[in-house]
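These notes are about the structure you will find just below.
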Amino acid sequence: MTTLGGYADRIGRIDLTTLSVTYESIPDEWARKYIGGRGLGVKYVFENGAQVDPLSPENILCFMNGPLTGTEANMSGRMAIVTKSPLTGTVCDSHHGGWSAARLRWAGFDGLIFKGAADKPVYAYVHDGQVELLDASEVWGKGVHDTVKYFREKYGEKDLSVIAIGQAGENLVRFASWVNENDRASGRGGTGCVGGSKKLKAIVIKAQKKMPKAANLEAWKEAHKRALATIMAEENITSPRKGGLSVYGTNVLMNITSNMGALPTRNALVTSFEEHAEKISGEWVKEHILVDDPTCHACPVACKKEVEIKEGPFAGLRMESLEYEPAWSLGANCGNDDAASIAKLIDMANDYGVDAIEVGDVLAVYMEASEKGYTNGAGGLKWGDYMGMVETVKKIAFREGIGATLAEGTERAAKAWGHPEIAMTVKGMGIPAYDPRGLKGMGIAYATSNRGACHLRAYTPAAELNIMPFRSLKADPLEWKGKGELVKVFQDVHAVSDSFDLCKFSAFAEGMEEYTAQFNAITGLNYTVGEMLKCGERIYNLERYYNNLAGFREGSDYLPERFLKEPSTMPGSKGHVCELDLMLEEYYKARGWVNGVVPEEKLKELEII
C-alpha cells in the first residue's frame with residue numbers, strides 16, 4: 001500500500017467473466033517509480049504479459065487517474081485508458097478530458113482494471129468507493145450520445161460522468177474509442193474496441209467534489225500559485241481569453257502549419273492545403289460558427305470550441321469541438337474544406353465512438369486508392385466528397401460493405417488492396433496533423449513513439465513553432481540535427497505529465513520545476529527535477545521493453561517512404577524530405593538503446609528489472 005498524499009490507495013479489480021469485484025492497494029514502490037495515470041497503467045499492463053491477444057479476455061483495460069487528478073492543479077482533469085492495442089499490438093495509453101477523472105478520484109479510486117469478458121452487455125456504476133456491475137442491454141446498440149442521455153435520466157445529471165463506447169466499439173472497429181461526456185474522446189489505439197470485446201458498454205461515475213488533501217499544504221499553496229501564474233501569463237499561448245490556444249482553440253495551428261508546408265494534405269501527397277486551410281481554421285470557426293467555450297476540471301484556458309451549424313445539409317447541429325487534429329484529418333487530409341461537414345463528421349465519430357484522427361486517415365487512404373484504381377472495384381470515394389465521407393463513416397461503424405475493410409484501420413486496408421505504401425502509418429497507427437518534411441522533429445517523434453504515429457509522445461512543434469516559454473528549446477523546424485535529443489527530452493517530460501495526469505497544454509507554460517513542486521507538495525516526497533525526469537525515462541523505457549517483448553524489435557521505428565523519398569513541393573518546406581536515419585542514430589545514442597531495443601543494462605539502471 002502507499003501512504004503518499006494525492007492517492008486514494010484504492011484500485012478496483014473487475015473480472016467481467018465472473019462479474020466479481022475486488023479492491024486492492026497500490027504497491028508503494030510502484031507509486032514512487034511510475035507515479036499514476038499512464039505510468040502506473042503501463043506497469044499493470046506490463047505485469048499482465050506482453051504476449052496477450054488484445055481482443056482476448058486475458059487482456060486488461062485500465063482506467064487510471066494520477067496523484068494530481070481532482071486537485072486544484074491546473075488542467076488536472078485527464079484520465080488515462082491503458083491497454084494492449086488491437087490496432088497496433090503495442091502498449092497503448094489514450095487520454096481524455098472533462099470531469100470523469102476527477103470524479104473517479106472523488107469516488108475514492110486511483111484506477112479501475114477490467115479483465116475477462118461478460119456474456120451479456122454490462123456497465124460499471126462507480127460511487128462511494130464501490131463498483132457495481134449492472135445490465136447494459138438497454139443501451140447496447142446505442143450511440144454514445146443516447147447512452148449518455150440514458151444514464152443522465154437514470155442517475156441524474158448532477159455530479160455524473162459517463163464514459164461510453166458506441167456502435168463502433170461494439171462491432172470491434174479496431175480504432176474504436178471511449179468517449180467521455182459526449183465529446184471528450186480517448187481516441188487513439190482502439191481502447192473502445194477492447195471494451196467492446198469485453199461487452200463493457202460504459203463506466204458511470206457519481207461523485208461529489210472532494211478535493212484530495214496535499215501532504216504539505218503550505219508548499220502546495222506556493223506551488224499551485226506559481227504554476228497558475230505561468231498559465232495566466234499574457235505572453236503564453238495558454239493565457240485565458242488572450243493566448244491563441246484560449247481564443248481559437250487547438251485549431252489556431254491550421255493556417256500556421258499549412259503556410260509553412262507542414263500540413264499533410266490529401267493523404268500527404270502534398271504538404272499544404274493552400275488557400276483552403278483558412279476555411280477550416282480556428283480563425284474561421286471563431287468568426288462564423290463558434291457559440292461557446294466549454295472547459296474541463298480545473299482549467300482556466302477553455303480550449304474547447306463548441307459550434308453550431310445554421311445552414312446547409314447539417315443545419316441545427318451543435319457539437320463540441322472543431323479541434324485541430326480532426327479538422328485536419330477529416331478536412332485537409334481528405335481534400336475537404338467544408339467546415340460544417342467536418343463538424344458533422346467529428347460529431348459522428350464521437351457518437352459512433354471512433355478515433356477522429358484514424359477515421360480521417362482511413363478515408364484518405366481510401367480516396368487515394370480509389371483515385372489510383374487500387375480498390376479492386378470495391379466502391380470508391382473522391383477527394384472532398386463530404387457526403388460520401390458521411391456515408392462511409394457509418395459503414396465503418398457498422399462494418400457494412402467497404403466499411404468492413406476500413407474498420408480494420410489504415411494500414412490493414414492499404415495492405416488488403418496490395419498497396420501498403422499509401423498508408424501513412426507507423427506501427428499500424430495513422431499519422432496526425434504534422435508533416436515530417438516541414439516539421440522534422442515530428443518525424444523522429446512518430447517513428448519512436450511507443451504507441452504508433454503520435455504527436456503527443458513528444459510534442460516537438462512546441463519548440464519548432466516557438467510556442468513554449470522555454471526559449472532555450474527553440475528549434476528550426478527544417479533542421480534535423482538535435483531533434484533526436486530533443487524528442488528524448490519531450491518524451492520523458494510528457495511521460496511525467498501523463499502520469500500526473502495533466503493536460504499536455506500545461507507544458508506550453510509550465511516546466512519541470514512547476515511539475516516537480518506540485519508533485520512533491522501533494523505527495524510529501526522531495527524529488528529533484530532530475531529524479532522526476534528519471535521517472536519519465538523509466539516509464540518510456542518500460543513501454544519500449546513491453547513492445548520489445550511483444551515482437552517490436554530492430555527496424556520497428558520507421559516512417560512511410562513518402563516522407564523519406566518524396567520531397568515537399570510546397571512553400572515553406574519545398575525540396576525537403578525527412579532525414580530519419582540520421583535522427584534515429586542521434587536518438588538511440590541519447591536513449592542508450594540498440595536499434596530500438598532496450599538493453600539489459602539500461603533496464604537495470606532504471607530499476608525496471
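Keep in mind the model is a prediction, meaning the values are calculated, not measured. Heads up: numbering here begins at 1 and tracks the sequence.
- The one candidate from D183, D292, D293 that meets the salt bridge (Lys or Arg N to Asp or Glu O under 4.0 Å) condition with K305 is D293.
- For the pair L465 and P477, the minimum side-chain heavy-atom distance is 4.5 Å or more.
- Judged by distance alone, the side chain of N180 and the main-chain N or O of G97 form a donor-acceptor pair under 3.5 Å.
- A distance-only check finds a donor-acceptor pair linking the side chain of S246 to the backbone of V301 [under 3.5 Å].
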- request: Could you give me the CA-CA distance, side-chain angles and deciding distance for R412 and L87, then say whether side chain to side chain contact (heavy atoms under 4.5 Å, CB included) is met?
  value: CA-CA 9 Å; R412 288 179 174 87; L87 182 68; 4.2 Å; yes
task: Could you give me the CA-CA distance, side-chain angles and deciding distance for F151 and Y125, then say whether ring pair (Phe, Tyr, Trp, His ring centres under 6.0 Å) is met?
output: CA-CA 10 Å; F151 286 119; Y125 179 45; 8.7 Å; no
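- Between E323 and K304 there is a salt bridge, with a side-chain nitrogen of the basic residue lying less than 4.0 Å from a carboxylate oxygen of the acidic one.
- For the pair T191 (side chain) and S177 (backbone), a donor-acceptor distance under 3.5 Å is absent.
- Without hydrogens or angle criteria, N267 side chain to I422 main chain gives a donor-acceptor distance under 3.5 Å.
- Here the side chain of S573 pairs no donor or acceptor atom with the backbone of H576 at under 3.5 angstrom.
- In this structure, E400 places its CD atom where more than 12 heavy-atom neighbours from other residues, nucleotides or ligands lie under 6.0 Å away.
- Annotation: F398 is in aromatic contact with Y352 [ring centroid separation under 6.0 Å].
- Between K201 and E170 a salt bridge is recorded (basic side-chain N to carboxylate O distance below 4.0 Å).
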query: Could you go step by step and tell me if F63 and V82 meet the side chain to side chain contact (heavy atoms under 4.5 Å, CB included) rule?
result: CA-CA 7 Å; F63 294 74; V82 193; over 6 Å; no
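- Looking only at atom types and distance, the side chain of S258 has a donor-acceptor partner in the side chain of S272 under 3.5 Å away.
- There is no side-chain donor-acceptor pair under 3.5 Å between D361 and T425.
- Looking at E181 and H96, their side chains never bring a donor and an acceptor atom within 3.5 Å of each other.
- Identified under the ring-ring contact (aromatic ring centres under 6.0 Å, His included) test for residues 308-334, with sequence neighbours left out: Y324-Y434.
- Side-chain contact check for S321 and E306: no donor-acceptor pair (N or O, by modelled atom type) lies under 3.5 Å.
- Using a 4.0 Å cut-off between a side-chain N of Lys or Arg and a carboxylate O of Asp or Glu, K372 and E368 qualify as a salt bridge.
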task: Walk me through it: do R437 and R562 pass the test side chain to side chain contact (heavy atoms under 4.5 Å, CB included)?
output: CA-CA 10 Å; R437 291 166 289 191; R562 182 164 291 170; 4.0 Å; yes
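- Residues E371 and K382 are not paired through a salt bridge, judged by the lack of any N-O separation under 4.0 Å between the basic side chain and the carboxylate.
- No salt bridge links D159 with K209; every basic N to acidic carboxylate O contact stays at or beyond 4.0 Å.
- Taking a 6.0 Å sphere around NZ of K206, one finds it holds more than 12 heavy atoms contributed by other residues, nucleotides or ligands.
- No hydrogens or angles considered: nothing links the side chains of T69 and R105 as a donor-acceptor pair under 3.5 Å.
- Looking only at side-chain heavy atoms (C-beta outward), C334 and M389 come within less than 4.5 Å of each other.
- A salt bridge links E320 with R184: at least one charged nitrogen is closer than 4.0 Å to a carboxylate oxygen.
- Between the N350 side chain and the A185 main chain, no donor and acceptor come within less than 3.5 Å of each other.
- Taking all atoms of both residues into account, the shortest heavy-atom contact from C299 to A302 is SG-N, 3.9 Å.
- Under the 4.0 Å criterion applied to side-chain N and carboxylate O atoms, R399 and E408 are assigned as salt-bridge partners.
- Between R38 and D93 there is a salt bridge, with a side-chain nitrogen of the basic residue lying less than 4.0 Å from a carboxylate oxygen of the acidic one.
- Using cut-offs of 30° and 60° on the angle between ring planes, the pair H288 and W284 is parallel.
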message: Under the criterion salt bridge (Lys or Arg N to Asp or Glu O under 4.0 Å), I'd like the reasoning laid out for K504 against D498: C-alpha separation, chi angles, the key distance, then a yes or no.
response: CA-CA 8 Å; K504 284 291 192 312; D498 281 347; 2.6 Å; yes
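- Considering all non-hydrogen atoms of both residues, V179 and G353 come closest at CG2-CA, 4.2 Å.
- A side-chain donor-acceptor contact under 3.5 Å links D355 to the backbone of I357.
- Here the shortest heavy-atom pairing between V270 and D435 reads O-OD2, 4.3 Å.
- In this structure, D351 contributes its side chain and V144 its backbone to a donor-acceptor pair below 3.5 Å.
- In this pair, W99 and W106 present their aromatic rings tilted. The plane angle is within the 30 to 60° band.
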- request: Start with the C-alpha distance between M254 and L263, add both sets of side-chain angles, then the distance that settles side chain to side chain contact (heavy atoms under 4.5 Å, CB included), and finish with yes or no.
  value: CA-CA 8 Å; M254 190 68 71; L263 187 71; 3.8 Å; yes
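- Between T460 and L486 the shortest side-chain heavy-atom distance falls below 4.5 Å.
- Between the side chain of S239 and the backbone N or O of N236 there is no donor-acceptor pair closer than 3.5 Å.
- In terms of heavy atoms, S506 sits closest to Y515 at OG-OH, 2.6 Å.
- Of the possible donor and acceptor atoms, one in the side chain of D476 sits under 3.5 Å from a partner among the backbone N and O of L478.
- Nearest heavy atom pair, residue M232 against residue P240, reads SD-CG, 3.5 Å.
- Side-chain contact between R451 and C454 is present, with heavy atoms from C-beta onward closer than 4.5 Å.
- In this structure, E311 places its CD atom where only 12 or fewer heavy-atom neighbours from other residues, nucleotides or ligands lie under 6.0 Å away.
- Looking at E308 and R318, a side-chain N of the basic residue comes within less than 4.0 Å of a carboxylate O on the acidic one, giving a salt bridge.
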message: Could you walk me through whether K279 and D337 satisfy the salt bridge (Lys or Arg N to Asp or Glu O under 4.0 Å) test, starting with their C-alpha distance in whole Å, then the side-chain angles of each, then the deciding distance to 0.1 Å, before giving a yes or no?
response: CA-CA 6 Å; K279 299 177 183 179; D337 66 0; 3.4 Å; yes
